[in-house]
There are 2 protein chains.
Amino acid sequence: MENKLTNKQKELIESFGVIQEGMGLSPASARVDALLTIADTTELTFDDIRESLELSKSATSNAINNLLMLRRIGYKTKPGDRKRYFHTKLGQWKNTFLDSINGLTAYNEVVKEILTHRTKKTKEFNDQLKDFTEFLAYYQEESIKLITNWKK
Amino acid sequence: MENKLTNKQKELIESFGVIQEGMGLSPASARVDALLTIADTTELTFDDIRESLELSKSATSNAINNLLMLRRIGYKTKPGDRKRYFHTKLGQWKNTFLDSINGLTAYNEVVKEILTHRTKKTKEFNDQLKDFTEFLAYYQEESIKLITNWKK
DNA sequence: TTTTTAGTTCTTTTCAGGCAGAACTAAAAA
DNA sequence: TTTTTAGTTCTGCCTGAAAAGAACTAAAAA
């Protein structure tokens with residue numbers, strides 16, 4: 001594809017890339033996801049990505065598969081065309097958000113188990129922990145409400 | 001200190017440690033924070049920590065300083081005693097929570113800047129992004145309310 | 001003044017993650 | 001049947017993070 005990136009777009013890919021690195025993505029994955037969010041074409045092929053970001057095939061392949069696993073991107077195919085057209089799923093942020101909220105459950109379960117095994121001698125501390133786990137559960141519930149009621 | 005950990009406590013330190021590694025802490029930091037959450041004594045010294053977790057002095061020192069920087073732990077001193085007594089700040093989770101909510105602002109700012117530079121040709125996609133940034137700001141506000149109104 | 005305490009800093013080792021480049025593969029096209 | 005396409009997988013390198021252990025340090029105690 002001839003749809004070259006402007007300097008501003010390259011700059012934004014880096015800013016957004018850095019932020020997403022901070023959220024646990026590898027540099028390449030972070031930039032692939034950023035590219036799909038910033039490029040004028042929202043459906044890019046393997047080679048579009050490879051060329052735009054000047055990555056090797058292996059880095060491109062690994063980054064794409066990583067993002068697919070994380071369900072942060074998806075792809076479409078076109079009849080009579082073997083290529084896959086990748087797009088970010090940032091538009092479907094609701095699911096991602098729900099996943100991250102639900103991810104707190106595992107954390108809270110461990111804290112609750114810690115509580116059941118704590119010495120009874122540290123009442124104040126235990127009460128604070130209890131308060132925390134209760135808040136977490138409440139926070140999860142309310143967050144889910146916020147999302148499901150959003151602009152509905 | 002002679003306050004030995006039970007096997008169950010050791011097990012909990014590992015579970016909680018793993019979860020906290022997943023949240024970006026190094027193995028040693030994750031376990032130090034877990035220890036302070038699980039041990040019967042909530043105020044532990046450098047050497048208590050070192051011995052309980054079988055860490056080297058350098059690993060202990062670095063983990064502690066790391067957690068202090070992240071403000072996930074704090075310490076007290078006692079008159080006529082040069083040691084520092086470290087404790088987890090999980091009890092003061094409200095601040096940590098507020099920090100993480102506020103941390104979303106930087107992310108949202110970049111997404112908003114991306115939006116201002118996006119081609120106008122992808123209306124649906126842009127609208128979804130717009131919706132997302134609006135929700136993020138709303139979510140931040142509401143989350144802060146949830147915390148400040150909690151059991152008040 | 002010397003020694004002990006409570007750490008910190010420096011040096012070295014180990015290890016995993018991330019990437020490039022090359023070799024490979026399965027399906028489709030020629 | 002051979003070649004091209006659209007990737008994937010393998011090999012090897014390089015770097016940075018994490019930790020151990022030893023050397024060091026500043027303040028207090030003896």
Side-chain angles (χ1 to χ4, degrees), chain A residues 1-2 13-14 16-36 41 43-70 72-87, chain B residues 1-2 13-14 16-36 41 43-70 72-87:
Chain A
M1 78 154 198
E2 78 297 348
I13 288 168
E14 293 309 314
F16 198 35
V18 167
I19 285 198
Q20 297 201 108
E21 276 184 62
M23 300 170 85
L25 297 185
S26 73
S29 292
R31 273 144 198 83
V32 169
D33 194 51
L35 172 67
L36 295 174
T41 314
E43 307 276 344
L44 298 181
T45 67
F46 186 97
D47 276 315
D48 294 337
I49 294 170
R50 203 191 104 65
E51 283 162 30
S52 301
L53 299 177
E54 297 170 85
L55 286 172
S56 69
K57 291 178 103 186
S58 61
T60 307
S61 176
N62 291 329
I64 285 175
N65 288 323
N66 178 238
L67 292 169
L68 283 171
M69 265 190 4
L70 296 172
R72 297 181 63 126
I73 67 171
Y75 64 85
K76 281 181 188 165
T77 49
K78 301 182 182 183
D81 182 348
R82 225 141 32 88
K83 287 191 282 289
R84 289 182 289 175
Y85 292 80
F86 299 97
H87 56 85
Chain B
M1 79 156 198
E2 78 297 347
I13 287 168
E14 293 310 316
F16 198 37
V18 168
I19 286 197
Q20 296 200 111
E21 277 185 62
M23 299 170 86
L25 296 187
S26 73
S29 294
R31 275 147 197 82
V32 170
D33 195 51
L35 171 67
L36 294 174
T41 314
E43 308 275 344
L44 297 182
T45 66
F46 186 97
D47 277 314
D48 294 337
I49 295 169
R50 204 190 103 65
E51 284 163 29
S52 302
L53 298 177
E54 297 171 87
L55 286 173
S56 68
K57 291 178 102 185
S58 60
T60 309
S61 175
N62 291 327
I64 285 175
N65 288 322
N66 179 238
L67 292 168
L68 284 172
M69 265 193 359
L70 296 172
R72 297 180 64 125
I73 65 171
Y75 64 85
K76 281 182 188 163
T77 48
K78 302 183 182 182
D81 182 348
R82 224 142 30 89
K83 287 192 281 290
R84 289 182 291 175
Y85 292 82
F86 298 98
H87 58 263

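So you know, we letter chains A, B, ... as the sequences are listed, proteins then strands, and number each from 1.
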inquiry  = Between A/Thr41 (side chain only) and A/Leu44 (backbone N and O only), is there a donor and an acceptor less than 3.5 Å apart?
reply    = no
ask   = How many Å lie between CG on B/Asn66 and C1' on C/dT9, as a whole number?
value = 16 Å
key: Structure string for DNA chain C in dot-bracket form, Watson-Crick and G-U at under 3.5 Å, | interchain   = ||||||||||||||||||||||||||||||
task = Using a 4.0 Å heavy-atom cut-off, write out nucleotides 15-30 of chain D from 5' to 3' as B (base contacted by protein), S (sugar-phosphate only) or - (no contact).
result = ---SSBB-----BS--
Indicate every side-chain donor-acceptor pair of residues 74-81 of chain B with a distance under 3.5 Å to a residue at least two apart or in another chain.
{"from": "B/Asp81", "atom 1": "OD1", "to": "B/Lys83", "atom 2": "N", "distance (Å)": "2.9"}
{"from": "B/Asp81", "atom 1": "OD2", "to": "B/Tyr85", "atom 2": "OH", "distance (Å)": "2.6"}

ask   = Any side-chain N or O of A/Arg84 less than 4.0 Å from the OP1 or OP2 oxygen of D/dA6?
value = no
Those residues that, when tested against A/Arg72, pass salt bridge (Lys or Arg N to Asp or Glu O under 4.0 Å) (two or more places apart) = A/Asp33
ask   = Taking all non-hydrogen atoms of both residues, which atom of A/Ala30 and which atom of A/Gly17 are closest, and how far apart?
value = CB-O, 3.4 Å
request  = Would you please name every residue forming a salt bridge (Lys or Arg N to Asp or Glu O under 4.0 Å) with B/Arg84, sequence neighbours left out?
outcome  = none
query = Expressed in angstrom and rounded to an integer, what is the separation of B/Leu67 atom CG from C/dG7 atom P?
reply = 15 Å
remark   = Rounded to whole Å, the CD1-C1' distance (A/Ile64 to D/dA6) equals 11 Å
task = To the nearest Å, give me how far apart CD (B/Glu51) and P (C/dA6) are.
result = 12 Å
inquiry  = Going by ring-ring contact (aromatic ring centres under 6.0 Å, His included), name the residues that satisfy it together with B/Phe16, two or more places apart in sequence or in a different chain.
reply    = A/Tyr107
task = Would you indicate whether the side-chain heavy atoms of B/Met69 and B/Asn65 approach each other to under 4.5 Å?
result = no
task = Using atom OH of B/Tyr75 as one end and atom P of C/dA6 as the other, report the distance to the nearest whole Å.
result = 15 Å
key: Interatomic distance where CG belongs to A/Asp48 and P belongs to D/dA6 [whole Å]   = 11 Å
query = Atom NZ of B/Lys83 to atom P of C/dT4: distance rounded to whole Å?
reply = 16 Å
request  = Grab the CG-C1' distance between A/Asn65 and C/dC19 for me, whole Å please.
outcome  = 15 Å
OP1 or OP2 of D/dT8 under 4.0 Å from side-chain N/O of A/Arg50 = no
inquiry  = On a heavy-atom basis, which atom in A/Thr45 and which in A/Phe86 lie closest, and how many Å separate them?
reply    = C-CD1, 4.3 Å
query = Which heavy-atom pair separates A/Arg31 from A/Ile13 by the least distance, and what is that distance?
reply = CG-CG2, 3.8 Å
